[in-house]
There are 2 protein chains.
Amino acid sequence: MTSEIDEENQVLSPQGESSEDQSEQDCSECGAKGRCLREGLGEEQMQGLRKITRTLGPFKPGENIFRVEDKFKSLFVIQSGAVKIETASFEGTKLVDGFFFRGDLVGLESIGAHQYGHDAIALERTLVCELPFDHLESLCSFVPRLQRKLMIILGQKIRYTNDTIVHGRYMSAEKRLLSFLQMLCEKKIIEKSDNTGSVQLPMSKGDIASYLGLRPESLSRTLTKLQNDGIIRNQTKKIEFLDIKAILQQVCG
Amino acid sequence: MTSEIDEENQVLSPQGESSEDQSEQDCSECGAKGRCLREGLGEEQMQGLRKITRTLGPFKPGENIFRVEDKFKSLFVIQSGAVKIETASFEGTKLVDGFFFRGDLVGLESIGAHQYGHDAIALERTLVCELPFDHLESLCSFVPRLQRKLMIILGQKIRYTNDTIVHGRYMSAEKRLLSFLQMLCEKKIIEKSDNTGSVQLPMSKGDIASYLGLRPESLSRTLTKLQNDGIIRNQTKKIEFLDIKAILQQVCG
DNA sequence: CGATCAATTGAGTGTGTTCAATGTCAGTGG
DNA sequence: CCACTGACATTGAACACACTCAATTGATCG
């Protein structure tokens with residue numbers, strides 16, 4: 001409830017830049033439309049939500065939206081761009097714990113903690129919508145559908161982690177990579193007509209490897225294998241899908 | 001499975017058995033006291049919570065509290081005993097996705113889904129307290145502290161998984177086991193005076209292995225290694241801790 | 001007591017790791 | 001414009017840790 005996010009150490013809206021609507025949120029142009037928390041709320045209910053939110057950014061690649069040990073205050077909806085969260089592992093190296101794209105909520109991982117447990121770092125030019133958690137929580141009490149929506153999102157996050165990471169421990173490097181590509185297809189695919197398409201990768205291969213629980217070298221080898229099999233074409237900042245079906249069908253292979 | 005959870009498909013209180021208080025819940029004797037959702041609620045607020053809950057069980061070892069694809073209706077607080085949840089992996093084998101002890105909430109994983117995604121199976125004689133989720137949700141709207149508590153618990157679950165399972169992928173079998181033993185210490189330790197103690201294991205070694213992402217053989221070898229190092233004494237249904245400090249300190253080793 | 005399942009032990013294999021070298025690319029400055 | 005730099009990506013060779021398969025021992029229960 002304290003200050004605007006200002007003056008402290010993080011989450012500063014890069015001054016001159018911060019986008020169009022500063023005072024009250026106009027959701028009509030938001031890139032997260034159709035995937036945001038507010039979906040399904042009536043017009044009157046949205047009023048409340050709009051009042052507590054505001055747009056931050058744009059963040060440049062590498063900039064932090066928040067840092068480990070910053071005081072936990074807000075969730076962030078990604079309006080455009082992409083974000084990763086990472087932590088120091090027990091060995092000291094950085095581990096990537098998640099990627100977030102347009103419409104995703106960043107910060108759920110820290111609900112109930114006093115501080116954020118991750119660094120949240122923009123991977124490309126990124127706009128986010130800040131939702132102060134205290135306000136959001138109060139609002140939830142008055143808007144049961146919002147409360148419900150938030151709980152559903154939390155449940156989905158738990159399940160998603162379980163299905164990918166937890167069960168991923170029993171999958172080969174190739175399967176892990178395939179299910180990652182599958183996720184990318186669903187989130188970012190450009191054109192999937194005729195079994196083909198491509199994705200611009202906002203994150204480094206090293207980040208992907210870390211997220212999948214592999215070494216960069218292992219990921220690289222696996223990528224070249226898929227390329228030799230004619231399933232993808234592997235480039236530095238881009239992956240072309242030559243056989244989308246093969247990727248989507250991998251689940252039970 | 002012809003359990004006495006019978007007829008419908010799940011979540012029915014085994015007739016003759018269900019313990020003392022059927023009509024309205026008396027929390028004063030509950031084994032989960034001090035760790036339950038209701039902690040921190042005032043007396044008037046607890047009224048509401050008591051009205052919607054009831055005790056189920058006792059479940060015998062191997063009995064289901066609910067099954068995969070049962071309709072999602074309720075969360076369950078464990079009053080006494082222990083529970084595992086498991087799913088079929090993509091290969092068909094069963095994977096253990098979690099263990100739950102006195103005071104833990106089972107079912108969070110399915111919030112927002114229509115059906116449970118796991119089998120929940122009692123590991124020993126177990127009593128649970130059923131919280132119909134619809135009622136709980138409504139109640140949350142009127143009792144902000146309850147809403148908050150539930151969100152906190154969801155956040156904690158996300159963090160716990162991240163800290164153990166996700167980061168565990170980068171740990172050796174020995175470290176995974178040690179951090180599991182650490183968890184057991186915190187949840188179930190009998191006597192930790194003078195750097196010693198022991199835990200009765202409610203689950204099989206195979207279940208532990210599955211939960212840790214290892215093969216039973218690998219776990220067994222790791223257990224014998226720790227025994228040779230003088231850190232534990234490994235028995236079939238029991239582990240003695242000969243050097244608790246070594247276990248608690250492993251985090252950064 | 002024998003039957004059944006869980007747990008342990010051994011020997012050999014394999015997938016991903018480690019370490020080291022090479023290659024690619026964007027940015028900088030002469 | 002080209003050489004230099006530094007981060008990222010790829011490739012190769014040797015290794016290690018956990019896996020696989022198989023046999024043995026140990027517990028539990030009818």
Side-chain angles (χ1 to χ4, degrees), chain A residues 60-62 84 86 89 91-96 121 123-124 165 167-178 180 200-229 232-240 253, chain B residues 60-62 84 86 89 91-96 121 123-125 165 167-180 200-229 232-240 253:
Chain A
K60 293 197 280 279
K84 69 173 172 181
E86 60 181 24
S89 78
E91 288 168 319
T93 58
K94 293 273 187 183
L95 290 193
V96 174
I121 299 171
L123 295 165
E124 54 190 20
I165 311 289
H167 284 205
R169 294 180 302 175
Y170 289 93
M171 310 196 308
S172 63
E174 186 171 334
K175 283 206 186 102
R176 292 188 209 187
L177 174 54
L178 283 171
F180 178 76
Q200 210 68 26
L201 295 177
M203 72 293 277
S204 70
K205 299 271 170 74
D207 283 343
I208 298 176
S210 172
Y211 178 68
L212 295 178
L214 299 170
R215 301 290 137 173
E217 298 93 326
S218 301
L219 176 65
S220 183
R221 280 183 245 275
T222 312
L223 281 165
T224 43
K225 178 176 181 307
L226 286 189
Q227 177 165 273
N228 293 337
D229 294 354
I232 63 169
R233 182 160 158 60
N234 177 34
Q235 289 164 282
T236 310
K237 301 254 77 182
K238 181 180 172 185
I239 289 183
E240 288 178 47
Chain B
K60 293 197 282 278
K84 69 173 171 181
E86 61 180 24
S89 79
E91 288 167 319
T93 59
K94 293 275 188 182
L95 290 193
V96 174
I121 299 170
L123 295 166
E124 54 190 20
R125 186 178 186 281
I165 310 289
H167 285 203
R169 294 179 304 175
Y170 289 94
M171 309 195 311
S172 63
E174 185 170 334
K175 282 203 187 104
R176 293 188 209 186
L177 175 53
L178 282 170
S179 71
F180 179 77
Q200 209 70 24
L201 295 177
M203 73 292 279
S204 71
K205 298 270 170 74
D207 284 343
I208 297 175
S210 172
Y211 177 68
L212 294 178
L214 299 170
R215 300 290 136 173
E217 299 93 326
S218 300
L219 176 65
S220 183
R221 280 183 245 276
T222 311
L223 281 164
T224 42
K225 178 177 180 308
L226 287 188
Q227 178 165 273
N228 293 337
D229 294 355
I232 62 169
R233 183 161 158 59
N234 177 33
Q235 290 163 282
T236 312
K237 301 256 77 182
K238 181 180 172 185
I239 289 182
E240 288 178 46

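Residue numbers start from 1 in every chain, and the chains themselves are labelled A, B, ... in the order their sequence lines are given, proteins ahead of strands. Just the heavy atoms: all of them, side chains too, but no hydrogens, waters or symmetry mates, feed the values below.
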Nearest 0.5 Å please: distance from the [atom1] atom of [X] over to the [atom2] atom of [Y].
{"X": "A/D207", "Y": "A/K94", "atom1": "CG", "atom2": "NZ", "result": "11.5 Å"}
{"X": "B/S210", "Y": "A/R169", "atom1": "OG", "atom2": "CZ", "result": "7.5 Å"}
{"X": "B/N234", "Y": "B/K225", "atom1": "CG", "atom2": "NZ", "result": "13.5 Å"}
{"X": "A/E217", "Y": "A/K205", "atom1": "CD", "atom2": "NZ", "result": "13.5 Å"}
{"X": "B/L214", "Y": "B/T222", "atom1": "CG", "atom2": "OG1", "result": "6.5 Å"}
{"X": "B/I208", "Y": "B/S220", "atom1": "CD1", "atom2": "OG", "result": "11.0 Å"}

Please report, rounded to the nearest Å, how far the [atom2] atom of [N] is from the [atom1] atom of [X].
{"X": "B/N228", "N": "C/dT9", "atom1": "CG", "atom2": "C1'", "result": "12 Å"}
{"X": "A/K225", "N": "D/dA9", "atom1": "NZ", "atom2": "P", "result": "21 Å"}
{"X": "A/L223", "N": "D/dT10", "atom1": "CG", "atom2": "P", "result": "6 Å"}
{"X": "A/K238", "N": "C/dT24", "atom1": "NZ", "atom2": "C1'", "result": "17 Å"}
{"X": "A/K205", "N": "D/dT11", "atom1": "NZ", "atom2": "P", "result": "10 Å"}
{"X": "B/Q235", "N": "D/dT25", "atom1": "CD", "atom2": "C1'", "result": "16 Å"}
{"X": "A/R221", "N": "C/dG23", "atom1": "CZ", "atom2": "P", "result": "16 Å"}
{"X": "B/L201", "N": "C/dA7", "atom1": "CG", "atom2": "C1'", "result": "13 Å"}

Looking only at the side chain of B/S204 (C-beta and beyond, no hydrogens), which of the listed nucleotides D/dA13, C/dA6, C/dT8 gets closest?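 It is C/dA6.
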Please report the shortest heavy-atom distance between B/A209 and B/L219, naming the atom on each side.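 Reported closest heavy-atom pair: N-CD2, 3.6 Å.
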Can you sort out which residues in residues 207-220 of chain B have a heavy atom within less than 4.0 Å of DNA chain D? Ascending by number, please.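 Nucleic-acid contacts, sorted: B/G213, B/L214, B/R215, B/E217, B/S218.
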Is the phosphate of D/dA27, meaning OP1 or OP2, less than 4.0 Å from a side-chain N or O of B/K237?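 It does not, given that no N or O in the side chain of B/K237 lies less than 4.0 Å from OP1 or OP2 of D/dA27.
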Please state whether the phosphate of D/dT10, meaning OP1 or OP2, lies under 4.0 angstrom from any side-chain nitrogen or oxygen of A/N234.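 Answer is yes, contact under 4.0 Å.
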Whichever of A/M203 and B/T236 has its nearest DNA chain D nucleotide further upstream toward 5':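 It is A/M203, whose closest nucleotide lies nearer the 5' terminus.
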Using heavy-atom distances to pick each residue's nearest nucleotide on DNA chain D, tell me which of A/G206 and B/A173 is more 5'.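 It is A/G206 whose nearest nucleotide is closer to the 5' end.
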